[in-house]
Amino acid sequence: MNWAAMRTAYATIVRKEVTRFMRIWQQTLLPPVMTTSLYFVIFGNLIGPRIGAMEGHRYIDFIVPGLILMAVITNAYANVSSSFFSAKFQRSIEELQVSPTPNSIILLGYVSGGVVRGVLVGVIVAAVSSLFGQLSAHSYAVMASVIVLTALLFSLGGFLNGVFARTFDDISIVPNFILTPLTYLGGIFYSIKLLPEFWQGVSHINPILYMINAFRYGFLGITDIHLGVSYTLILLFTAGLFALNLKLLNDGYGIRE
Amino acid sequence: MTRAPALTMSDLRKTYANGVVALKGIDLTVAQGDFFALLGRNGAGKSTVIGILCSLVNKTAGKVTVFDADIDHDFARAKSYLGVVPQEFNFSIFETPWQIVCNQAGYYGIGRAQAKRRAEKYLTQLGLWDKRNDITRALSGGMKRRLLIARALMHEPRLLILDEPTAGVDIEIRKSMWEYLTRINQSGVTIILTTHYLEEAESLCRHVAIIDRGELVENTATGELLEKLQMETYILDLAAPLAELPPDLRGRPGWRLKDSATLEVDMHKGGNVNQVFAELALRNITARGMRNKTNRLERLFLDMVNEGKA
């Protein structure tokens, strides 16, 4: 397959993925808006003023980046895991398997669909959050790069989940029991400086901490983690997951007998 | 100059992870332009062969070449030659026929404009144009089968593999699909067909291979295979009810009165059918019609897989 053909195949997969989540926008785009609006109302407007300033910023301003990123993580992950698993379940993945589309393009196509949904949800949630407070921007470059890289990383995570999943339950276990706790404990609602030293150390094991802090830096110019460390870790995890997923696809894990 | 075969398999073997040996060394060649039937009972190994060709099953050993492309070294090119119509519906039930065929073209690197032209062409030819924007879940079984064919043709493959394409389709649609497939074959596309309707294989295919228990037990021209048939059974519909056969016919080997209106007669190949009518006329028995009891290929097939000729 030449480059032009691969580009066409890639664009086709991305179009199909975007069409899929747009078709069911009530399930894919609306819920994060609803959930984060509630967070803003409860934690931002009702409880926030009683908490006071966090790291020198209003509490609602402090939690906005984390809430946006949480929506990005959840949606990027869910998009790819459910789409790839559904394709396996309905066997429509065979449409791609019988075609000459390289596995790397299949992986990139699915992951790009997740990135598009993740970033789109992030933008929508950011727009909603602007209704509740003044959004500040310290660095657009950091904001944009972190949101895309995070969506990419968790899309790859979702793909891995989709590859291993054998039932629909399998694609909800990781988000419910691993992703959500890690996100909540990743410093969305607090600075890890507030934690005792031991728990600060434990928090550093959580990869989501690095993303939330880097993203918050893009908004507020504050972070608990050095930006270089955050980028390095995100890129390393991304490269590792990409390689692992590609290996599984090449081996035909879960899709070829 | 001789043309390369459309498909060559040498010593193709497959053992599944659970230890089941599905293929025990298949050697098979399909000529370009052929209409080839691959027959076998359920579990004989047909779908494994097709799965290996389509990249859905990893082979354990052996060599497979599609036209000039070895699947071990240039699988992408081999796949680009192949169109596959699977046994099961394997498209998203939430997508429309239009989306499914256009996307399939995209997976082969065909640009959107050309994909749309071909989508119109094949959906129209297969009688799905009016349904192009309906979600596939709402289509009838026959429409879904035709959609599988349209999808497989979108990249205009040189070798079309059909795994029981007419399963569950009513006779009228089945006949129209036969005509369509014949036209596709006449346009130069090599076709490999698996089917449980053996009259389908007999009427469409020029060559037949039979797989049984992972081994190829027959691979020949359809005509040559039918030559092997030694016995045929004819059913005669009697014009007037007959309580029993006349005494001199009652013990004759191969003559059976199935009911008062139906007589069955076994005849050796080359036997004279007129002689049967003459014998009946001598006894004032009139037959108003006659037909083959079983499809000839079906009989041979059952002989081969049941009587240990494998």
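Residue numbers begin at 1 in each chain, while the letters A, B, ... track the order of the sequences. For the numbers below, each heavy atom of this structure counts, side chains included, while hydrogens, waters and symmetry mates do not. Owing to the predicted nature of the structure, the values given are computational and were not obtained by experimental measurement.
Heavy-atom pairs under 4.5 Å with chain A were tallied for B:Lys14, B:Arg151, B:His155; the largest tally goes to B:Arg151. Between chain B and the options A:Gly109, A:Ser86, A:Ala4, A:Ala5, heavy-atom pairs under 4.5 Å are most frequent for A:Ala5. Chosen from A:Arg7, A:Arg23, A:Arg20, the residue pairing most often with chain B at heavy-atom distances under 4.5 Å is A:Arg23.
With a 4.5 Å cut-off on non-hydrogen atoms, A:Ile255 touches chain B through its backbone but not through its side chain. Interface remark: A:Asn103 contributes no atoms to any contact with chain B (heavy atom separation under 4.5 Å). Using a 4.5 Å cut-off between heavy atoms, B:Phe94 touches chain A through backbone and side chain atoms alike. The contact between B:Ile93 and chain A is made by backbone and side chain atoms together, counting heavy-atom distances below 4.5 Å. When heavy atoms are compared at a cutoff of 4.5 Å, B:Arg112 approaches chain A solely by way of its side chain, counted from C-beta outward. For B:Tyr16, the part lying under 4.5 angstrom from a heavy atom of chain A is the side chain only.
The environment of B:Lys59 atom NZ is dense: over 12 non-hydrogen atoms of other residues, nucleotides or ligands sit within 6.0 angstrom. Heavy atoms from other residues, nucleotides or ligands lying under 6.0 Å from OH of B:Tyr81 number more than 12. No more than 12 heavy-atom neighbours from other residues, nucleotides or ligands sit within 6.0 angstrom of NZ on B:Lys116. Environment of CZ in A:Phe89: sparse, with no more than 12 heavy atoms of neighbouring residues, nucleotides or ligands closer than 6.0 Å.
Not a single donor-acceptor pair under 3.5 Å links the side chain of A:Glu94 to the backbone N or O of B:Leu56. A donor-acceptor contact shorter than 3.5 Å links the side chain of B:Lys79 to the backbone of A:Gln97. A donor-acceptor pair under 3.5 Å is absent between the side-chain atoms of B:Ser80 and the main chain of A:Pro100, judged by distance alone.
Under the 4.5 Å side-chain criterion, counting only non-hydrogen atoms from C-beta, A:Thr8 is not in contact with B:Tyr108.
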- [ ] Would you please test A:Glu95 and B:Asn103 for side-chain contact (heavy atoms from CB on, under 4.5 Å) and show each step?
- [x] CA-CA 9 Å; A:Glu95 292 176 338; B:Asn103 285 341; 5.7 Å; no
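Taking both residues in full, the closest heavy atoms of A:Arg256 and B:Val57 are given as CG-N, 3.6 Å, listed atom of the first, atom of the second, then distance.
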